[in-house]
Amino acid sequence: MTLVLSFALPYWMGYFLDGWLGPIFIAGWELDDTLQCVMTCSLAAGAVVLLYRNFFLDREIKQRKIVEARLQASEERYASLANTLLVGVFCADASGQVVYVNPHYCKIVGMPAASVARNGWSQALHPDDRERVLTAWFQTIQTDQPFDMEYRFVHADGTVRWVYGQCIAERDPYGQVSGYIGTLTDISDRKRSEESLKQSEAHYRALINALPDLIMRVNRAGIYLEFLASPEFQVLGNLTDWVGLYISHQLPSDLAKQRLEAIQKALESQSIQIYEQTLSIDGHQQIEQVRVVPYSHDEVLMLVQDITEQRQSELALQQSETHNQAILKAIPDLMFRVGADGCYREFISEPRNFSLFHNTTLTGQHMNDLLSPELAARQLNYLRKTLQTGDVQIYEQQIQNGDCHQYEEVRVVRSGPDEVLFMIRDISDRVNAEERLKHDMYHDDLTGLPNRSLLMERLALALKRTKRRPQTQFAVLFLDLDNFKVVNDSLGHLVGDELLLKVSTQLKLLTRETDLAARLGGDEFVLLLEEINDVSEAVMVAERILKTLQVPIKVGNHKVFSSASIGIVLRSEAHKHPTDLLRDADSAMYWAKHNGRARYAIFSPDMHQQAMKRLQIENDLRKALDNKEFVLYYQPIVDLETLKIKGFESLIRWRHPQRGLVFPNEFIDISEDTGLIIPIGQWILHQACRQLAVWQAQFPDHDLSISVNLSVKQLQTSLLQELEAVMTQYGLRQNSLILEITESMLVENVEAMHDLLNQIRAQGICLSIDDFGTGYSSLRYLHQLPVNALKIDRAFVNLTKQDTRNQVIAESVIALSNLLQLSTVAEGIETLEQCQWLKMLGCSLGQGFLFSQPVPTKQATELLKQGLTQQIEGTELLPLLI
Ligand code: C2E
Ligand code: CA
Ligand code: CA
């Protein structure tokens, strides 16, 4: 029986077994190709061992050769392998000193092999990694641990190379460390891509975090899978808790349904779905934009963004845009932009009243093609000016728009480096109103004639012209209707107005184109006659006017005789201002009026004197009342039968500080004109009544009365209160105060006057009609009026005049007066004859120088005390009188 053990042993095991095991069957084989198999059997130890030894000797020699060859081949193979490897290879001795590096190693660290061997491999280590690498390396050497790490080298070309270094110890057959062998792999590329991956991940994260959106991953069923970002949505709490929940969690069902639909749609169409939804959170409306992005076949990314503010500002913008549109529409200006080339660029607003421009096709057209040459030239001119200067240009223009003129205000503003904005406003209304206003300002409402303002301007112009051309001459005619007041008062204002209108028409007809007929107001007219040679031409015009006015003018149903007084002035060196001319023409007119009316007068410096005097009086009058310069004189009214004083007429006098005693005919008119008659009249009434009260107390038997003259201006309702006040203040007897009013005062507004007079009568005050017979008699009213007496005017008492007509009037007035049971007072009795005649006619009372002049209070009291008989005594008339 043969036991065969077979096992693999290194060839040197043969020696060992040869010496010690003796006759043991050994079977072995080498895996080697040279020695295939050894088999021994224990037949005869000596022979076998020899055989065996011989066998081994042969084999050993053969083996060594093979080994050497193999070694060399292997070394060469290794060397060429190491040289061609794309991995750095290095070998170090047991002390760690590098003894070999392959070319790739050199390539990686950028050092020649010699330099590595000489200077050491660590010199190229990256400074940041140096410590770490060397520590590990020494550890490897000391502790026999393998070296395995990533670190950097700084390549000779300056670039940094990431490497993966590995190293293990090499041991000799006895297990001692004989050196180290390691590899170096360039992992720079991997590191770089790792780095960029890391970076892109960071970017992505930052991006996600920066997104205002709530980003979540949701699956087809509507289950939250992940929340990638949830900025601003903190209100919802910790969203990670929601993972796994359905989207209907905390979302109103309709909105959840909408989301789910969008998810399905996105997955089906594999396209992004975008929609908006509004939800209310804590009472606030939040508008969200939801974007559903397909992520996989079963999942979507859902991006939810709060766009409330955006929508709100969009809305605000939209609102402000409609607002702007509305404003633009409301702007009455035509606005358009025009390029420097004169072509229309845009029509911004086109209000109705610019008919030409209601056509947007005009854009692009040139101004020359659209506007009249003149208008286009003007607008282009302003366009250039605006572009050059940059200043806003404003001008006005007049446009023919159909039949009417349109006035426009144009503003040209530079709106860009090569364009301007035209803003055109229709200002026709304003201009027309201004023109109307100007016309109204310069013309008289009633007659349409130029008024005082225009006259003054024309006079100023005329003065200027004659200054330049002294040979030219002009005249001014001042015309005042003589009886206008009477017409106005008796026939009413309407008739008065019509008369003025007719007169003004005639004046226009009588003047030349170059002349000017103006109305100053009331019944005063002024004619400016330009370019005349001498005064005779002005006189001719005046005469023509007077002649025309001789023909009665038909006004309504009436025929009115209207004469005028005309003052003429020829410009002279003395006339510096328009007012100088008017003043002198007025003075001449005044003269004409006071010298018989219905005539003209040519101004002379003398008239100016008179006018000045009048002016002086006016000024002085204003101070007279305060200065107590007025005084009342009293003229007795006598019973013609008994020659007893029945009363007095109070007559005012002015003790002028320079001029002495001034009579009423010099200042009553003026005080009426200036309105001063009102305060003066009050003073008179008080003064006269106080005096009467004194006399009534002093001479109770006389049954005295006082006659006070009233001016028409005093006939107002306030008079009643005044009268009542004086009557009670002075305790006058009934019917002892007599007011004298003239006929002409009565014609104005008979009805109202009737009432007033009745009320006066009701206060126990008598009324007497003064200067009876001189005015436009209102005999037909006489019996209706509540008057007590008539005073026959002095003119009719004058017997010296040959004119018997006056005497007849006196006779009939007395007869009428008696018939109406009125008492009659004859004024201006100067002679005995007159007195007897009047007595004979049945006149009961008289007044005149025959009895007494008007006298101051003291003398009047004296007359009362002594009686008139003494006064007349000595004239030997007394017996005749009584
Ligand atoms: P009258 O009311 O007709 O006054 C009568 C005028 O005749 C007075 O003139 C008087 O002096 C004057 N006279 C009286 N007897 C004779 C006479 O025998 N012969 C002549 N030739 N004249 C005589 P007097 O005082 O100058 O007043 C003139 C006018 O002034 C008055 O006319 C009256 O209208 C007005 N007047 C006078 N005093 C007042 C007054 O106190 N108030 C108002 N409103 N007017 C007054
Ligand atoms: Ca009188
Ligand atoms: Ca009188």
Side-chain angles (χ1 to χ4, degrees), residues 617 621 624-625 629-638 640 645 647-655 661-692 705-716 719 722 726 737-745 766-775 787-801 824-835 837-838 843 845-857 859-860 863 868 871-872:
I617 290 173
L621 257 184
L625 202 61
E629 290 167 10
F630 292 119
V631 62
L632 284 190
Y633 273 44
Y634 300 96
Q635 188 178 33
I637 295 171
V638 183
L640 293 183
I645 297 175
F648 290 95
E649 177 177 3
S650 69
L651 294 157
I652 192 166
R653 302 290 180 263
W654 181 9
R655 286 210 183 104
L661 205 63
V662 180
F663 282 78
N665 52 358
E666 269 199 70
F667 63 89
I668 287 294
D669 273 3
I670 301 174
S671 64
E672 279 179 351
D673 289 350
T674 54
L676 283 167
I677 193 69
I678 301 295
I680 295 174
Q682 283 171 1
W683 177 85
I684 293 166
L685 194 64
H686 275 267
Q687 196 64 21
C689 291
R690 186 187 300 121
Q691 191 51 51
L692 178 64
S705 65
I706 194 118
S707 297
V708 176
N709 292 288
L710 279 194
S711 152
V712 67
K713 290 261 171 86
Q714 288 175 274
L715 286 178
Q716 305 161 343
L719 178 68
E722 264 171 62
V726 287
L737 172 62
I738 301 161
L739 300 180
E740 293 194 4
I741 52 177
T742 60
E743 272 177 282
S744 56
M745 290 168 154
C766 291
L767 291 164
S768 170
I769 297 185
D770 207 351
D771 304 341
F772 194 81
T774 54
V787 292
N788 307 77
L790 296 182
K791 288 187 88 170
I792 307 170
D793 191 73
R794 206 165 62 229
F796 309 111
V797 178
N798 191 347
L799 290 175
T800 52
K801 280 199 180 161
T824 328
V825 186
E827 288 184 322
I829 305 175
E830 293 180 1
T831 64
L832 195 62
E833 252 184 306
Q834 286 171 317
C835 183
W837 174 65
L838 288 163
C843 179
L845 298 167
Q847 188 183 345
F849 294 167
L850 178 67
F851 310 114
S852 168
Q853 300 243 344
V855 289
T857 318
Q859 277 167 262
L863 284 177
L868 283 175
Q871 180 91 350
I872 307 165

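Only a predicted model underlies this, so the values are computations on that prediction, with no experimental measurement involved. Each ligand, and each atom within it, is numbered from 1 in the order the structure gives.
Distances shorter than 4.0 angstrom occur between a heavy atom of Arg653 and an atom of ligand 1. Within the structure, the closest approach of Lys791 to ligand 1 does not fall below 4.0 Å when heavy atoms are considered.
Because the distance cut-off is set at 3.0 Å, Asn709 qualifies as a neighbour of the Ca ion (ligand 2) through one of its N, O or S atoms.
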Determine whether Asp770 and Ile741 satisfy the following criterion, side chain to side chain contact (heavy atoms under 4.5 Å, CB included), listing intermediate values before the conclusion. CA-CA 5 Å; Asp770 207 351; Ile741 52 177; over 6 Å; no
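Which of Leu651, Thr742, Leu685, Asn665 comes nearest to atom 31 (C) of ligand 1 through a heavy atom is settled by distance: it is Leu651. When the heavy atoms of Glu649, Glu830, Gln635 are ranked by distance to atom 14 (C) of ligand 1, first place goes to Gln635. When the heavy-atom distances from atom 12 (C) of ligand 1 to Glu827, Arg794, Gln714 are ranked, the shortest goes to Arg794.
A salt bridge is absent between Glu830 and Arg794: the closest approach of a Lys/Arg side-chain nitrogen to an acidic carboxylate oxygen does not fall below 4.0 angstrom.
Taking all atoms of both residues into account, the shortest heavy-atom contact from Asn798 to Gln834 is CA-NE2, 3.7 Å. Summarising the geometry of Phe667 relative to Val662, their closest heavy-atom pair is CE2-O, 3.5 Å, with the distance given to 0.1 Å.
Closest N/O/S atom of Asp770 to the Ca ion (ligand 2): OD2. Within Glu649, the N/O/S atom positioned nearest the Ca ion (ligand 2) carries the name OE2. Minimum-distance N/O/S atom of Glu740 relative to the Ca ion (ligand 2): OE1.
A side-chain donor from one of Ser711 and Glu672 sits under 3.5 Å from a side-chain acceptor of the other. Using modelled atom types and a 3.5 Å distance limit, the side chains of Gln853 and Gln635 yield no donor-acceptor pair.
Using a distance-only test at 3.5 Å, with no hydrogens or angles considered, no donor-acceptor pair links the side chain of Glu666 to the main chain of Phe663.
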